[in-house]
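In what follows, a single structure is set out as structure tokens and then discussed.
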Amino acid sequence: VSAPRGPLLFKDIDTPGLTSIDTYRRGGGYETAALVLGKKSPDECIEIVKASGLRGRGGAGFPTGLKWSFVPKGSPKPKYLVCNADESEPGTFKDRELMEKNPHLLIEGMLLSAYAFGAHIGYLYLRGEFAYIQRILERAIGEARAAGLLGDNVLGSGFEFEIHTHLGAGAYICGEETALLSSLEGYRGQPRLKPPFPAVEGLYASPTVVNNVETLMNVPHILRHGAAWFRQWGTEKSPGTKILSVSGPVKRPGNYEVAMGLPLRALIDDLCGGMRDGLKVKAVIPGGSSVPPLPASLLDTGLDYESMNAVGTFIGSGGVIVIDDRTCLVDTLWNITRFYEHESCGKCTPCREGTYWMSEVLERLEHGQGRERDIDLLNDVADNILGKSFCALGDAAAMPVMGFIKHFRDEFEHHVTQRRCLVNRRRESVLAEASA
Amino acid sequence: VSDALLEVSAPLEWPAKARAEIDEVLSHYPNRRSAVLPVLWIAQREWGWIPPAALRLVAGTLGLPEPEVFGIATFYTMFNLRPIGRHHLQVCMTLSCSLMGADRLFRHLESKLGIGHGETTPDGRFTLRRVECLAACGGGPCMQVNETYHENLDEARADRLLETLT
């Protein structure tokens with residue numbers, strides 16, 4: 001038996017057969033549901049989650065209990081819980097592993113969260129590429145229904161709850177909560193202006209809470225053991241653990257569950273075994289490709305909401321992308337910008353046009369055809385997107401551009417003055433192959 | 001896709017099993033429109049792609065205007081409005097996979113198969129496509145073949161994989 005991979009969500013994650021309800025129950029699964037449903041009041045549940053300080057793990061970091069408390073009481077409309085399993089932020093692959101290996105924890109988390117704010121229907125929105133995970137989840141939902149854990153009268157408590165999975169079809173934008181709701185309603189997945197916020201007017205214009213997979217999976221643990229217990233991990237403002245998805249040329253990439261606040265350097269050097277092939281760290285994107293990068297000089301920064309904010313970036317979804325010293329950062333940024341250009345839904349002009357132009361400018365810089373004013377032009381275009389479109393996709397496209405130029409301006413200037421990359425092992429390998 | 005849309009084809013009908021599945025799916029939502037993605041998925045599974053006649057069938061089943069269903073189907077990247085090969089090679093080109101050699105892998109597949117992005121081999125065996133992040137960043141380069149993820153690929157491993165895909 002190998003050591004547990006993490007203190008909370010990853011503690012039993014590699015237990016063989018955990019996808020079956022019997023194995024999940026042998027490890028204490030659904031005990032929280034039995035202790036809470038009909039025994040604790042919904043308001044008590046909201047208070048415990050508020051006190052725990054749990055914040056949304058999908059990227060925005062909004063306090064979960066507070067979000068639930070915004071759902072109006074006594075509304076004649078139905079209330080909905082939507083699980084955001086559209087995991088699409090580049091660098092992030094935690095929800096995929098969590099759902100593949102422990103679907104019942106998500107079901108229990110959805111059940112308890114729905115109970116707390118009074119939803120009777122939960123939609124589980126998966127990205128289209130996760131069709132095979134939909135089958136795992138459907139099987140688990142069937143088992144839970146057969147065991148009386150879903151349905152008209154869950155565990156005899158009188159509480160009614162049903163979960164339906166819903167498969168997307170390839171659109172990064174559907175991870176944005178209002179776009180996700182449009183998609184679920186059968187429209188193109190385009191975002192809506194907020195307010196009204198989904199808690200007041202969401203799915204079918206009814207009160208709706210949208211929570212990320214990892215967030216929901218924390219809920220059974222918190223309701224079982226209490227807020228103080230949960231706060232044994234992490235910091236005052238960032239309680240609990242975070243699953244960090246590490247990618248790039250480190251020796252052991254993968255998902256790591258750590259207490260919030262772990263320094264980046266410890267993650268990369270100790271948990272991931274350092275860099276491969278004698279490479280060194282040049283930059284790290286700490287929270288998915290939408291957040292500004294950090295230079296190697298800031299590797300001692302802790303991975304929590306407030307420490308990351310203090311150095312001008314975000315822990316986001318926890319997608320830690322490690323970039324080595326032989327990679328060209330103009331090429332890197334061009335790759336990132338192309339992603340947002342491709343994924344912009346086209347609704348807002350600043351994002352639709354701006355992502356296109358940033359890609360164009362980066363392409364000519366990368367190919368040595370850049371002009372001196374292109375660097376400032378990039379910043380200018382980014383500034384004209386930031387905060388000027390409906391949803392966060394525009395900001396997500398603008399922030400990396402501003403961040404890369406801020407920390408690594410010399411590399412961009414080198415492209416203008418020398419008309420080539422300082423380093424570029426990826427291009428070299430392609431050229432070497434072509435000439436072989 | 002415009003020529004595919006204009007293609008004239010005989011009306012299609014749902015096979016009985018698909019019809020039953022659609023009835024089940026419709027019961028999950030308060031209105032028929034919400035079922036548009038699940039029903040498009042069922043159509044794609046039945047016919048391997050979504051021919052114009054299937055778009056018309058989906059629109060009729062849900063009571064939606066056909067152009068709107070077309071607009072929805074084209075908004076998403078995973079609905080095939082043209083026929084595709086038996087093995088759909090979807091190579092992630094986003095940053096983490098790119099850092100680990102996705103660009104090289106894609107060029108290798110292009111030259112080995114003699115097709116480019118979005119093209120299908122003449123024998124109908126492979127369709128090659130660049131895609132964006134698949135949520136497999138720790139196992140880059142990653143390629144999804146139909147629904148199956150294949151991670152940590154290099155040229156040699158990709159070659160061995162292709163041999164198994166007949």
Side-chain angles (χ1 to χ4, degrees), chain A residues 78 87-96 121 123 127-132 162 164 166-172 174 183-190 204 245-249 253-255 285 289 319 321-324 327 331-332 335-336 338-339 342-343 345-346 426-427 429-430 433-434, chain B residues 24-25 27-41 44-45 62 64 68-69 71-79 90 92-104 106-108 111 130-140 142 144 146-149 151-152 155:
Chain A
E87 183 164 69
S88 303
E89 175 67 21
T92 317
F93 49 95
K94 64 191 175 66
D95 298 339
R96 185 175 151 227
I121 295 181
Y123 290 105
R127 61 177 296 173
E129 293 83 350
F130 287 176
Y132 75 102
E162 193 49 76
H164 302 298
H166 188 99
L167 196 63
Y172 169 73
C174 291
S183 175
L184 193 45
E185 289 180 7
Y187 295 92
R188 290 170 152 239
Q190 291 188 312
Y204 309 120
S245 304
V246 188
S247 63
N255 284 318
I285 301 173
S289 74
I321 306 172
V322 183
I323 302 167
D324 60 272
T327 290
D331 196 15
T332 298
N335 180 295
I336 293 172
R338 276 201 309 266
F339 173 82
H342 185 264
E343 299 298 336
C345 79
R426 285 185 287 158
R427 201 165 288 273
S429 72
V430 168
E433 191 202 357
Chain B
E24 163 65 22
V25 158
S27 75
H28 297 173
Y29 311 97
N31 60 46
R32 299 171 84 80
R33 171 189 282 276
S34 284
V36 67
L37 292 187
V39 174
L40 281 167
W41 277 119
Q44 180 150 301
R45 192 198 59 210
L62 300 177
L64 296 172
E68 193 173 356
V69 175
I72 292 165
T74 53
F75 180 83
Y76 299 92
T77 57
M78 295 181 75
F79 294 123
Q90 301 152 94
C92 174
M93 304 300 287
T94 314
L95 184 59
S96 301
C97 283
S98 179
L99 285 169
M100 302 311 291
D103 307 70
R104 234 176 100 162
F106 189 81
R107 276 166 212 249
H108 173 75
S111 66
R130 283 189 203 100
V131 296
E132 297 295 348
C133 190
L134 291 169
C137 320
C142 172
Q144 193 173 19
N146 299 342
E147 288 183 6
T148 309
Y149 279 71
E151 304 186 31
N152 300 303
E155 289 89 325

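Chain letters run A, B, ... following the sequence lines, proteins first, then strands; residues in each count from 1. Note: hydrogens, waters and symmetry copies are ignored here, and every other heavy atom, side chains too, is used. These numbers were taken from a predicted model, which means no experiment stands behind them.
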Let me know if [X] has heavy atoms under 4.5 Å from chain B in its side chain, its backbone, both or neither.
{"X": "A:R96", "result": "side chain"}
{"X": "A:Y132", "result": "both"}
{"X": "A:L167", "result": "both"}
{"X": "A:S289", "result": "neither"}

Side chain proximity check, [X] to [Y], heavy atoms < 4.5 angstrom:
{"X": "B:Y29", "Y": "A:H164", "value": "no"}
{"X": "A:S247", "Y": "B:L99", "value": "no"}
{"X": "A:E343", "Y": "B:T77", "value": "no"}
{"X": "A:S183", "Y": "B:F75", "value": "no"}
{"X": "B:Y149", "Y": "A:F130", "value": "yes"}
{"X": "B:M78", "Y": "A:E129", "value": "yes"}

Examine distances only and state if a side-chain atom of [X] and a backbone atom of [Y] form a donor-acceptor pair shorter than 3.5 Å.
{"X": "A:Y172", "Y": "B:C133", "value": "no"}
{"X": "B:S34", "Y": "A:L184", "value": "yes"}
{"X": "A:N335", "Y": "B:M93", "value": "yes"}
{"X": "B:E132", "Y": "A:H342", "value": "no"}

When [options] are compared by non-hydrogen pairs under 4.5 Å with chain B, the top option:
{"options": "A:G189, A:A171, A:G319, A:S88", "value": "A:G189"}
{"options": "A:I121, A:V246, A:T332, A:I336", "value": "A:T332"}
{"options": "A:G128, A:G346, A:A169, A:P249", "value": "A:A169"}

Choice from [options] maximising heavy atom contacts with chain A below 4.5 Å:
{"options": "B:V36, B:T94, B:T148", "value": "B:T94"}
{"options": "B:R32, B:Q44, B:E151, B:E68", "value": "B:E151"}
{"options": "B:G71, B:G140, B:C92", "value": "B:G71"}

Interchain contact, [X] with chain A, by part (heavy-atom threshold 4.5 Å):
{"X": "B:E24", "answer": "neither"}
{"X": "B:Q90", "answer": "neither"}
{"X": "B:Q144", "answer": "side chain"}

For [X] against [Y], the heavy-atom pair lying closest together:
{"X": "A:Y123", "Y": "B:P30", "result": "OH-CD, 3.9 Å"}
{"X": "A:C174", "Y": "B:Y76", "result": "SG-CE2, 3.9 Å"}
{"X": "A:P90", "Y": "B:C137", "result": "C-SG, 4.4 Å"}

[atom1] of [X] to [atom2] of [Y]: how many Å apart, nearest 0.5 Å?
{"X": "A:Y187", "Y": "B:L64", "atom1": "OH", "atom2": "CG", "value": "8.5 Å"}
{"X": "B:L95", "Y": "A:R338", "atom1": "CG", "atom2": "CZ", "value": "10.0 Å"}
{"X": "B:S96", "Y": "A:I285", "atom1": "OG", "atom2": "CD1", "value": "7.5 Å"}
{"X": "B:D103", "Y": "A:D331", "atom1": "CG", "atom2": "CG", "value": "7.5 Å"}

Partners meeting side chain to side chain donor-acceptor pair (under 3.5 Å) with A:D324 (sequence neighbours left out):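 Side chain to side chain donor-acceptor pair (under 3.5 Å) check on A:D324 returns A:T327, A:R425.
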